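Read the structure below first, then the notes.
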Amino acid sequence: MKTILKFISSRTFQFTVIPLLVLIWFVVTDPSKGSDTMLRVQLLTQALMVTGLAYLIAKALLGRASSEDLYEQSLMGNTAAGIAYVGVCLLRAMVLGGLLSFFAQVQR
């Protein structure tokens, strides 16, 4: 039972098995013979592209700065690391927001 629960909570299950099951469900129940499913796949691909691109841009801007390290240091009482962590979070949010607004303008 523990191995089943461990597999269900794994990233492999959550990011591959569940999306494949949902895609199969969409294909089976699609009344338009696949066109609605293709639209959903295209929208998902666009979302993945935007978030992946935002991640790469943020990593390029941050260099070696790691939000995980900054978060751990801020928990230990390092105020400067806490401020830097908030800055990293804001940078990532602004990059993602900028890309989303850019691609929203392109879609018009």
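These numbers come from a predicted model, not from an experiment. Just so you know, these numbers use all the heavy atoms, side chains as well, and skip hydrogens, waters and symmetry mates.
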Review point. Where the side chain of S32 meets the backbone of D36, is there a donor-acceptor pair that is under 3.5 Å apart?
Key: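 Between the backbone of D36 and the side chain of S32 there is a qualifying donor-acceptor contact (under 3.5 Å).
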Practice item. Determine yes or no for a side-chain-to-main-chain donor-acceptor pair under 3.5 angstrom, with N78 supplying the side chain and Q73 the backbone. Key: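 No, the answer is negative, given that no donor and acceptor are paired below the 3.5 Å cut-off.
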Nearest 0.5 angstrom please: [X] [atom1] to [Y] [atom2], how far?
X: L70; Y: E68; atom1: CG; atom2: CD; answer: 10.5 Å
X: T79; Y: I83; atom1: OG1; atom2: CD1; answer: 6.5 Å
X: R40; Y: L43; atom1: CZ; atom2: CG; answer: 9.0 Å
X: L23; Y: L44; atom1: CG; atom2: CG; answer: 9.0 Å

**Study point:** Heavy-atom side-chain contact between L99 and I57 under 4.5 Å
**Key:**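 SC-SC contact between L99 and I57 confirmed.
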Review point. Under 4.5 Å between any side-chain heavy atoms of R92 and S67, yes or no?
Key: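 A side-chain contact exists here, since the closest heavy-atom pair is under 4.5 Å.
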Quick one: do [X] and [Y] end up in the same hydrophobic cluster if we chain Ile, Leu, Val, Met, Phe, Trp and Tyr together by side-chain heavy atoms under 4.5 Å apart?
X: L75; Y: Y85; result: yes
X: V22; Y: V17; result: yes
X: L96; Y: F102; result: yes
X: L61; Y: L53; result: yes
X: L20; Y: V28; result: no

How close do [X] and [Y] get, heavy atom to heavy atom, and via which atoms?
X: L91; Y: A58; value: CD2-O, 4.3 Å
X: A81; Y: S74; value: CB-N, 4.0 Å
X: S35; Y: D30; value: N-OD2, 3.5 Å

Check your understanding: Pairs in or reaching into residues 8-27: which pass ring-ring contact (aromatic ring centres under 6.0 Å, His included), with residues at least two apart or in two chains?
Key ->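 Sorted result for residues 8-27: F7-F13.
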Point to revise | M49 atom CE: more than 12 heavy-atom contacts under 6.0 Å | key: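 Yes, enclosed.
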